[in-house]
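Here the structure comes first, spelled out in structure tokens, and everything after it is commentary.
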Amino acid sequence: MIRDEVVALVEQALAAAQAAGALPEFAAPAITAEHPARPEHGDFSSNVALRIQGMARMKALEVAEALRAHVPAHPAIEKVTVAVPGFVNFYLAPAWAASQADAIASAGQAYPALDLGGGRSVQIEYVSANPTGPVHVGNGRGAAIGSTLANVMTAAGYRVQQEYYINDAGTQVGIFGRTLYARYEQLHGREAAVPENGYPGQYMIDVAQKIKDRFGDQHLRAPGEDADPAFGRLGIDIMIEGIRDDLALVGVEYDEWYSERSLMAHGGPYDTVMAILKNQGQVVERDGATWFTSSDLGESKDNVLVRSDGAPTYYATDIAYHYDKFITRKFDRVVDIWGADHQGHVSRVKAGVQATGADPEALDVLLYQLVTLRRGDLVVPLSKRAGEIVTLRDVIEEVGRDATRFFFLLTGANQTMDFDLDLAKKQSDENPVYYVQYAHARIASVIAKAAAEGHTSAGADTALLTHEAEQTLLRKLLLLPEVLEKAVLELAPHHLTHYAQELAGAFHSFYTQCRVIQADQPALTKSRLRLLEATQAVLARTLGLMGITAPEQM
RNA sequence: GCGCUCGUAGCUCAGGGGAUAGAGCGCUGCCCUGCGGAGGCAGAGGCCGGAGGUUCGAAUCCUCCCGGGCGCACCA
């Protein structure tokens with residue numbers, strides 16, 4: 001990308017200045033280039049002179065001047081200037097910027113070519129909501145972040161595997177099964193009470209009804225008897241079908257649905273991990289339970305692996321799960337995306353990862369702050385145990401998939417978020433996603449109209465794109481690689497929504513200032529059509545990365 | 001109490017060592033005799049929670065304080 005070429009120019013200038021004796025020899029810090037806030041300061045700016053003035057024992061302005069004098073010529077750079085207090089500023093050549101419209105338009109959805117992953121594998125695990133209830137709004141945020149991150153890392157040269165971890169073992173599943181059986185009995189006319197701490201939602205009755213539809217009274221036991229232990233699993237399977245469908249509605253598709261229960265197979269990951277920890281002397285029996293002496297690894301306390309009733313904790317199975325990710329399946333990197341209420345779990349899991357022989361640095365846990373759902377001033381409780389459950393499906397049906405995803409991606413993961421359903425509904429026409437999509441549709445419309453009048457971009461001379469609005473738009477197009485890189489390095493997909501709005505804004509501004517189709521100016525028409533093609537490609541690419549449609553018309 | 005995180009325009013949020021701090025919504029005023037007005041242009045609106053410190057330079061880094069959120073289970 002062009003920014004890295006500017007960085008290289010600065011590095012070369014530094015070496016050349018030192019070789020020429022204009023600057024003393026010293027080891028320079030890593031060179032960076034940034035975008036000045038004000039256009040008169042150029043397109044890129046380097047602050048090296050300010051940073052090395054001490055090492056060079058020269059005034060920053062003198063250092064900057066020495067660098068400027070040694071910057072090699074480059075077709076993309078029109079001029080290089082020095083500005084107080086010691087910046088070296090780079091100005092893009094308008095003709096070069098314009099020529100990139102050709103490059104971008106012909107690359108299409110292959111733009112930008114960015115390789116940060118180098119083919120390394122990364123697993124992204126997200127949502128992984130308990131299958132004891134439907135996917136709710138908070139999970140939707142994880143879904144939007146996770147699937148967008150998957151798209152973005154794929155675009156950056158990683159081999160991405162997307163996974164959903166199914167919590168189909170443990171105490172909650174048992175309670176789920178007992179609740180379900182009570183509902184099943186009720187549907188067969190029996191008096192049966194939903195257990196205390198059970199799941200009161202209407203959806204449990206629906207699931208029981210589905211089982212009744214499929215199997216009749218086949219799973220009914222004698223009155224007073226408990227259900228077959230496998231009964232709950234029928235319900236879990238039905239829940240998972242629903243979860244899969246709901247997530248598909250927001251454009252989420254997994255490569256793997258991984259069962260927690262499968263970890264427990266004889267000789268499986270769970271047994272292996274317990275043996276490893278035991279062999280390393282990191283396991284101790286205390287108060288009838290089995291503990292991991294994680295405080296020896298710097299944790300604030302030890303943690304229970306096996307409860308006194310013999311059941312493994314989810315922490316123990318999570319260590320086994322990560323052992324399977326890193327050691328068995330050999331992912332180079334793993335990104336777990338969790339709600340911020342799991343924050344206390346992060347360092348524990350990393351300790352477990354380390355203890356079982358993997359590199360905790362290869363694990364990134366991306367926490368997103370919880371979503372508060374509102375209807376106007378009323379806070380709607382999200383708890384699966386509460387009466388009203390606002391599901392992700394409800395939200396999508398109210399505001400649409402594109403707006404839902406865009407909204408979730410609008411704020412950084414560390415920011416708490418209010419999702420006001422009334423507002424989202426009422427303002428759906430003013431949602432920023434439409435601003436971006438409108439730009440795409442508008443371009444499609446102009447290109448179609450041009451074609452109908454016999455204009456195409458064939459043989460366009462991009463050197464004609466000299467208007468200020470055209471140049472501004474071109475610079476936005478050139479920004480996508482940097483945005484993509486930032487999203488990957490920071491695991492922060494929200495940069496895409498902001499970029500998309502900036503790009504759409506630059507287009508709309510261009511559109512009102514520069515008429516594209518002009519019968520008496522066929523050459524200019526061609527070059528502007530080429531610019532439109534490039535813009536449309538970048539808009540479609542950006543929307544595509546976010547899992548949002550790029551409509552031809554609205 | 002301890003840990004993580006957040007505090008930026010009236011509201012929702014970007015920016016996370018650089019030059020005069022940005023966007024959207026809302027508010028004021030303009031722009032359709034030419035491609036889609038779901039648009040554009042201009043304006044008002046800020047001691048970047050507070051106080052110290054580091055630095056040539058701090059909204060950004062460090063310390064303390066204030067205020068919100070979330071954790072600190074033999075739940076997940």
Side-chain angles (χ1 to χ4, degrees), chain A residues 32 34 36-38 40-41 45-47 49-51 53-54 59-60 83-87 89 128-130 132 167 169-173 175 197 260 286-291 300-301 303-315 317-318 338-347 367 369-370 372 407 410-418 420 423 427-439 441-450 452-453 455 469 490 494-495 497-499 501-502 504-505 507-519 525 528 532 553-554:
Chain A
T32 57
E34 59 194 71
R38 307 187 65 78
E40 57 266 33
H41 293 137
S45 175
S46 170
N47 63 358
L50 291 155
R51 307 220 338 235
Q53 55 182 320
K59 288 182 177 166
V84 288
F87 293 105
N89 293 332
S128 300
N130 276 342
T132 53
N167 298 110
T171 50
Q172 293 305 316
V173 174
I175 296 169
N197 302 326
E260 176 186 358
R286 196 187 302 152
D287 305 327
T290 304
W291 296 71
S300 56
K301 58 186 188 58
N303 293 99
V304 173
L305 295 173
V306 185
R307 299 189 304 227
S308 51
D309 65 2
T313 61
Y314 104 116
Y315 176 50
T317 55
D318 244 15
W338 300 342
D341 55 340
H342 290 68
Q343 168 262 126
H345 194 51
V346 175
S347 67
L367 299 175
Q369 297 295 322
L370 301 187
T372 305
F407 190 93
L410 214 37
T411 69
N414 276 336
Q415 193 70 235
T416 54
M417 172 185 247
D418 276 7
D420 186 335
L423 200 67
Q427 294 197 335
S428 64
D429 281 359
E430 296 164 24
N431 191 301
V433 69
Y434 295 101
Y435 179 77
V436 178
Q437 290 181 315
Y438 179 61
R442 212 176 194 187
I443 291 170
S445 164
V446 175
I447 291 175
K449 182 179 164 69
E453 295 175 11
H455 300 285
E490 296 177 3
H494 73 276
H495 293 304
T497 54
H498 293 273
Y499 171 70
Q501 292 178 90
E502 278 180 35
F507 162 72
H508 287 307
S509 181
F510 154 79
Y511 180 84
T512 50
Q513 292 179 68
C514 301
R515 186 174 168 80
V516 175
I517 303 169
Q518 300 184 69
T525 299
R528 286 184 172 166
L532 286 194
Q553 52 186 303
M554 300 169 65

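All values reported here derive from a predicted model rather than from experimental measurement. Letters A, B, ... mirror the listed sequences (proteins, then strands); counts begin at 1.
Judged by ring centres under 5.5 Å apart and planes tilted less than 30 degrees, H342(A) fails to stack against the six-membered base ring of G71(B).
Take the nearest nucleotide of RNA chain B for Q518(A) and for A83(A): the residue whose nucleotide is more 5' is A83(A). Taking the nucleotide of RNA chain B with the nearest heavy atom to each of S45(A) and T411(A), the more 5' of the two is matched to T411(A).
Looking at Q415(A) and H494(A), their side chains never bring a donor and an acceptor atom within 3.5 Å of each other.
The base of G36(B) is paired with the side chain of S445(A) by a donor and an acceptor separated by under 3.5 Å. In terms of polar N and O atoms assigned as donor or acceptor, the side chain of S308(A) comes within less than 3.5 Å of the base of C74(B) in a complementary pairing. D341(A) contributes no side-chain N or O that forms a donor-acceptor pair with the base of G71(B) under 3.5 Å.
In this structure, Q513(A) atom CD and C35(B) atom P are separated by 16 Å, rounded to whole Å. Residue N89(A) contributes atom CG, which lies 9 Å from atom C1' of A19(B) at whole-angstrom precision. Per the geometry, CD belonging to Q415(A) stands 11 Å off C1' belonging to G68(B), to the nearest Å.
If you check C4(B), A76(B), A38(B) against the side chain of Q172(A), the one that comes closest is A76(B).
In this structure, H508(A) does not reach the A38(B) phosphate: none of its side-chain N or O atoms is under 4.0 Å from OP1 or OP2. Note on R307(A): every side-chain N or O is 4.0 Å or more away from OP1 and OP2 of A73(B). For C41(B), the OP1/OP2 oxygens have no side-chain nitrogen or oxygen of Y511(A) closer than 4.0 Å. At least one side-chain nitrogen or oxygen of N414(A) sits closer than 4.0 Å to the OP1 or OP2 atom of C6(B).
Shown here, C6(B) is classed anti by the O4'-C1'-N9-C4 or O4'-C1'-N1-C2 angle, which is more than 90° from 0.
When every heavy atom of T132(A) is checked against every heavy atom of Q172(A), the shortest pair comes out as CG2-O, 3.9 Å.
Judged purely by atom type and a 3.5 angstrom limit, N431(A) uses its side chain to pair as donor or acceptor with the backbone of V433(A).
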